[in-house]
Structure formats: structure tokens, C-alpha cells
Number of protein chains: 2
Amino acid sequence: MPSNLSDNIPDIVIGRLPIYLRALNRLAQDGHEVTSSHELGQILGISSAQIRKDLSHFGGFGKQGTGYQIVFLEEKLRQVLKVNREWEVALVGAGDLGTALAHYGGFAERGFKISCVFDNAKEKIGKPLNGFTVQALDELETTIKARAIKMAMIAVPAKAAQEVADKLIAVGVRAILNYAPINLNVPPEVRVQYIDPVIHMQRMTFYLP
Amino acid sequence: MPSNLSDNIPDIVIGRLPIYLRALNRLAQDGHEVTSSHELGQILGISSAQIRKDLSHFGGFGKQGTGYQIVFLEEKLRQVLKVNREWEVALVGAGDLGTALAHYGGFAERGFKISCVFDNAKEKIGKPLNGFTVQALDELETTIKARAIKMAMIAVPAKAAQEVADKLIAVGVRAILNYAPINLNVPPEVRVQYIDPVIHMQRMTFYLP
DNA sequence: ATAAATATGAACAAAGTTTCACAATCGAAA
DNA sequence: TTTCGATTGTGAAACTTTGTTCATATTTAT
């Protein structure tokens with residue numbers, strides 16, 4: 001009898017759900033209506049048993065003999081992941097990277113709406129950026145509290161990242177996507193995900209001759 | 001008796017080494033000369049035992065009672081990861097993302113030199129981009145083979161990514177950093193790492209109230 | 001010199017994750 | 001209606017990863 005209520009699902013399982021969701025999107029776009037754990041596993045390079053076991057944490061979404069209805073499974077996964085609604089996201093840092101993130105359409109498309117941008121450089125404050133006005137860091141507290149924003153992206157230099165994170169957490173942010181190449185120290189109720197492309201590159205060179 | 005020779009080290013261990021290296025860099029920059037598994041663990045939120053165990057796969061780099069000499073350990077980790085030299089990298093895709101990647105200084109700084117850029121859009125080919133000239137995809141084979149390039153980044157739309165990957169692999173690339181939001185099908189001798197920021201965001205919303 | 005404190009590396013134990021294997025179920029076809 | 005092939009969901013087994021403990025080595029303080 002599986003349950004949706006924090007059954008203490010392993011984090012590694014949660015980490016695979018967005019990948020399943022992305023593959024299902026693609027299958028649906030390509031006109032498929034049903035799929036199977038075997039087919040999904042083929043696409044993703046994961047065993048079919050693992051996919052079935054992962055999904056079974058949240059309920060029986062498939063039909064024996066048939067497989068999974070793609071749109072139904074997508075809907076269920078969106079519910080589980082809480083991405084069946086729009087999330088407002090604060091962006092801190094309006095340098096090259098911050099600017100690129102503000103312009104990237106993929107966030108809004110998939111439910112994450114960047115809704116304010118902060119920087120502390122005088123020459124950037126007040127400038128328009130893809131529909132926003134870059135705000136001073138001083139305004140971070142007011143803006144984020146007023147909108148009850150819970151998610152943020154950090155795109156500032158490494159030496160400023162911890163301080164920015166502390167500020168964000170103090171005003172209620174609970175999930176941070178950190179592009180600064182540094183580990184953040186955060187309390188346990190705050191989630192952090194890291195993106196540092198060099199780390200990924202260094203992880204691959206080990207296997208090269 | 002630990003060995004550097006592919007002792008079949010778990011990939012998860014390899015994945016942590018770049019993170020150790022990044023933290024060591026930072027400690028060195030801050031003027032530290034030695035550290036301990038305990039201190040590193042504090043910084044990274046990892047147990048000290050795990051750090052010692054990970055490192056012991058490659059040799060005894062520390063001194064009992066003292067800890068680890070930072071520059072020595074950095075050098076050893078660079079050797080293990082094969083990042084104690086410069087790697088040439090091909091970039092495919094000169095759109096917004098590709099352009100941002102070409103301009104990002106962090107790759108060259110840490111040993112990954114983007115040394116050619118490809119796109120198939122007529123209006124981009126021949127244009128200068130941070131010191132390179134954007135080349136047509138037709139020239140991919142000649143250029144990559146001539147320079148014996150083994151690493152590439154894919155920054156093209158999802159629908160083109162698999163085809164690009166196939167081309168790259170055919171001409172000798174063995175490690176791919178894929179920014180397209182799609183899983184690539186590759187032979188076992190090729191490593192792929194994925195960067196899709198939305199996936200990271202979706203992984204965090206599960207834990208939000 | 002000696003004792004106390006610190007820290008590694010290795011062996012062992014515990015916890016967590018993945019795979020296996022199969023009963024139960026479904027839909028289609030004879 | 002019965003049979004057949006396909007496919008799920010799941011408990012048990014196998015495997016991987018993490019954490020604990022301890023013998024030993026080094027440094028520092030007395």
C-alpha cells in the first residue's frame with residue numbers, strides 16, 4: 001500500500017523522477033500514448049526494475065500487461081514533485097551568467113518563473129533585464145518576503161555566494177540552485193543543488209586514456 | 001596496498017574528487033597549508049571517514065597526527081583525475097547558451113580550453129566568437145580528427161543533440177557535456193554528463209511545503 | 001622524556017540501493 | 001470463454017556505500 005505522504009522516500013529516487021518526467025514529455029511529443037518500464041529504461045539507460053520500484057513508492061500508476069499511460073503518469077509525477085504549478089524564483093547576480101539565465105526560456109516553459117533579479121553593482125541596478133528591473137541587494141528582503149518566494153538561483157562570484165545564501169535563507173528561501181563554484185553551508189531545512197560544469201568535465205577525464 | 005591502476009574505483013568516488021579538489025583550491029587561496037579529513041568534511045558536509053576512504057583508494061596521501069599537505073594533495077588529485085594538463089574541448093552550438101559558454105572564463109582557468117566552435121546556421125558560420133571563427137558542422141570531422149580532440153560540449157536544441165553526439169563519437173570524442181535536455185544514447189566507452197538546471201529545480205520542489 | 005591530543009588508514013559493521021524472480025493481472029485472439 | 005503473451009508491483013537476495021572502531025603514528029605541552 002504505497003503512500004504519497006513523506007514515507008521517507010530516498011532522495012536518490014526523487015532525483016530520478018525529473019528525468020523520467022523529461023523522457024515522458026518527449027515520448028508524448030513524439031505521439032506515443034503508452035510506454036512500459038522496459039521502454040523507458042532503454043531510453044534512459046536504467047533497468048526496468050528500478051523504474052518500477054521507484055514509481056511504486058508513490059502508487060501503482062501502471063497496468064499489468066499494458067504499461068503506463070504517458071499523460072497520466074506525467075500528471076502523477078508532476079503532483080509528486082509539486083511541479084504541477086508555477087514557482088516564482090529569485091535570481092541573484094546580473095553578470096554574464098545571471099543575464100544568460102534571465103534570458104533562458106527553459107525555466108518559464110517548465111514552471112519556474114524568474115520574478116526578480118538582484119545585483120549589488122551600481123551600474124547594473126535599475127537596468128532592464130528581460131522584463132525586470134535589476135534591484136539592489138538591499139531590496140531583496142522586502143521583495144522576497146512580499147511575494148513569499150521560496151526558490152532562488154545564485155549567480156554571483158564564489159566569494160560572495162555564502163553571504164547571499166545567508167540573506168536568502170533569512171528571508172524565507174528554502175531551495176537554492178547555486179552556480180557559484182563553492183559549497184554552501186546551509187541549515188538542514190534548506191535544499192541546495194549545485195551546477196559547476198568544470199566539476200562534470202573533471203569527472204570525465206579520469207576515464208580518458 | 002592501494003593502487004592508481006584502474007582498481008575498479010566506484011564512479012561515485014570519482015565524482016567526489018573534483019569537489020575535494022575545488023575545496024582544496026579554496027583553502028590554499030585562503031592561505032592554509034594543511035588540512036584534515038575532519039576539516040574538509042565540515043566544509044563539504046561529508047563525513048571525515050568517507051573522505052579518508054575515498055583518498056585511500058589512490059594511496060596514503062596524509063600523515064597520521066598531522067593531516068594532509070594541501071598543495072601535495074591537490075597535485076595528487078589532479079594526477080588521478082588527469083587534470084594536471086590542458087584538455088582541448090569542442091563546442092557544438094553557437095546560440096545563446098553556446099555563446100555564453102564560449103565567453104565563460106572558468107573552463108580555461110581550470111584546464112579546459114574550448115578550441116573550436118561549430119554551428120549549422122548559415123548566419124553564424126564564419127562569425128568570430130571569443131577568438132574563434134564559428135565553423136560549419138561539415139568541418140567537424142576534419143577539425144576534431146586533426147587535433148585529436150576527445151571532449152566536447154553540446155549546446156544545441158534537444159532534437160539535434162543525438163545526431164550531433166553520434167557525429168562527435170564517430171570522429172573520436174569520448175567525453176560529452178550535454179546541455180540539451182535529452183538523454184543521449186552512447187556506446188559504453190563514451191562518458192556523458194548532463195546539465196539541465198530545470199531538473200535540479202524539480203528535484204528540490206518535492207521537499208518544499 | 002613522557003603523556004595527552006590529534007589524525008590517518010584499515011578492518012569490520014550497518015545502512016541503503018539495485019537487481020532478481022515470480023505471482024497477479026490485463027487485453028487480445030482463438 | 002479460455003488461452004496466451006505482455007507487463008506490473010513486490011518481497012527477497014545481492015550488491016554498494018557509508019559509518020564505526022581501533023591500532024598506530026605524529027605533534028605538542030609539560
Side-chain angles (χ1 to χ4, degrees), chain A residues 1-4 6-17 19-20 23-24 27 32-74 76-77 80 188 203 206, chain B residues 1-4 6-17 19-20 23-24 27 32-74 76-77 80 188 203 206:
Chain A
M1 217 123 314
S3 112
N4 200 344
S6 53
D7 200 358
N8 82 324
I9 313 287
D11 179 61
I12 194 163
V13 172
I14 302 304
R16 280 191 293 262
L17 300 186
I19 295 170
Y20 298 164
L24 291 168
L27 282 170
H32 292 66
E33 294 198 347
V34 298
T35 188
S36 64
S37 58
H38 186 73
E39 185 181 37
L40 256 184
Q42 281 278 297
I43 293 171
L44 298 174
I46 288 179
S47 81
S48 59
Q50 183 162 75
I51 292 172
R52 291 198 302 278
K53 184 142 260 215
D54 284 352
L55 296 179
S56 76
H57 282 105
F58 308 99
F61 299 147
K63 239 184 201 165
Q64 283 142 325
T66 308
Y68 301 90
Q69 288 295 125
I70 291 176
V71 292
F72 175 76
L73 182 53
E74 280 185 291
K76 287 298 180 187
L77 289 182
V80 167
R203 183 175 185 160
F206 174 82
Chain B
M1 218 123 313
S3 113
N4 201 344
S6 53
D7 200 359
N8 82 323
I9 315 285
D11 179 61
I12 193 165
V13 172
I14 302 304
R16 280 190 293 261
L17 300 185
I19 295 170
Y20 298 162
L24 291 166
L27 282 169
H32 292 66
E33 293 198 346
V34 299
T35 187
S36 64
S37 58
H38 186 72
E39 185 180 37
L40 257 184
Q42 281 278 298
I43 293 170
L44 298 174
I46 287 179
S47 82
S48 59
Q50 182 163 78
I51 292 173
R52 292 200 302 277
K53 181 151 226 193
D54 285 352
L55 297 179
S56 75
H57 280 105
F58 307 98
F61 299 146
K63 236 185 202 163
Q64 284 149 323
T66 307
Y68 300 89
Q69 288 295 125
I70 291 176
V71 292
F72 176 76
L73 182 54
E74 280 184 292
K76 287 299 180 187
L77 288 183
V80 167
R203 182 174 184 161
F206 174 80

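Labels below follow one simple rule: chain letters A, B, ... track the order of the sequence lines, proteins then strands, and each chain is numbered from 1. Note that the structure is a prediction, hence the values are computed from the model and not measured.
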Calculate the interatomic distance between I51(B) atom CD1 and dT18(D) atom C1'; express it in whole Å.
-> 13 Å
Can you check whether L27(B) reaches I43(B) side chain to side chain, under 4.5 Å on heavy atoms?
-> yes
By nearest-heavy-atom nucleotide on DNA chain C, the more 5' of K53(B) and S48(B) is S48(B)
Whole angstrom value for the distance that separates C1' of dT7(D) from CZ of F61(A) = 17 Å
Out of dT10(D), dT20(D), dT17(C), which nucleotide sits closest to the side chain of P10(A)?
-> dT17(C)
Taking CG from D54(B) and C1' from dT8(C), how many angstroms apart are they, rounded to a whole number?
-> 14 Å
When we call it a touch if two heavy atoms are under 4.0 Å apart, what does S37(B) touch: a base, just sugar-phosphate, or nothing?
-> sugar-phosphate
Considering the terminal five base pairs at each end of the helix from dA1(C)-dT30(D) to dA30(C)-dT1(D), what angle separates the two local helix axes, rounded to 10°?
-> 10°
Where do F58(B) and V13(B) land on the side chain to side chain contact (heavy atoms under 4.5 Å, CB included) test, with the steps shown first?
-> CA-CA 11 Å; F58(B) 307 98; V13(B) 172; 4.3 Å; yes
Distance, rounded to the nearest Å, where D11(A) contributes CG and dT17(D) contributes C1' = 15 Å
Rounded to the nearest 0.5 angstrom, the CZ-OG distance for R52(A) and S47(A) is 8.0 Å
Starting at atom CD of Q50(B), determine the distance to atom C1' of dT16(D), rounded to an integer number of angstrom.
-> 12 Å
Mind checking whether P10(A) and H57(A) have side chains closer than 4.5 Å, heavy atoms only?
-> yes
Pairwise side-chain contact, F206(A) with V80(B), heavy-atom cut-off 4.5 Å (strictly under) = yes
Minimum side-chain heavy-atom gap E39(A)-S48(A) below 4.5 Å = no
Do L55(B) and Y20(B) have side-chain heavy atoms sitting under 4.5 Å apart?
-> yes
I46(B) CD1 to dT17(D) C1': how many Å, rounded?
-> 13 Å
Give me the residues of residues 63-73 of chain A where at least one heavy atom lies under 4.0 Å from an atom of DNA chain C, by number, or none.
-> K63(A), Q64(A), G65(A), T66(A)
To the nearest Å, how far apart are I12(A) CD1 and dG16(C) C1'?
-> 9 Å
Pick base, sugar-phosphate or nothing for L55(B), based on heavy-atom distances below 4.0 Å to the nucleic acid.
-> nothing
Check whether any side-chain heavy atom of D11(B) sits under 4.5 Å from a side-chain heavy atom of R203(A), and report yes or no.
-> yes
Report the nucleotide, chosen from dA21(C), dT18(D), dT8(C), that has the shortest atom-to-atom distance to any side-chain atom of R52(A).
-> dA21(C)
Over how many whole Å does the gap from E39(A) atom CD to dA6(D) atom C1' extend?
-> 14 Å
Give a yes/no answer on whether the side chain of R16(A) brings an N or O atom under 4.0 Å of OP1 or OP2 in dT17(C).
-> no
Measure from the side chain of S47(A), starting at C-beta and using heavy atoms only, and say which of dT19(C), dT8(C), dT18(D) lies closest.
-> dT19(C)
Could you please spell out the steps behind the side chain to side chain contact (heavy atoms under 4.5 Å, CB included) verdict for I9(B) and D54(B)?
-> CA-CA 9 Å; I9(B) 315 285; D54(B) 285 352; over 6 Å; no
Nearest-0.5 Å distance that lies between atom OG1 in T35(A) and atom CG in L73(A) | 9.0 Å
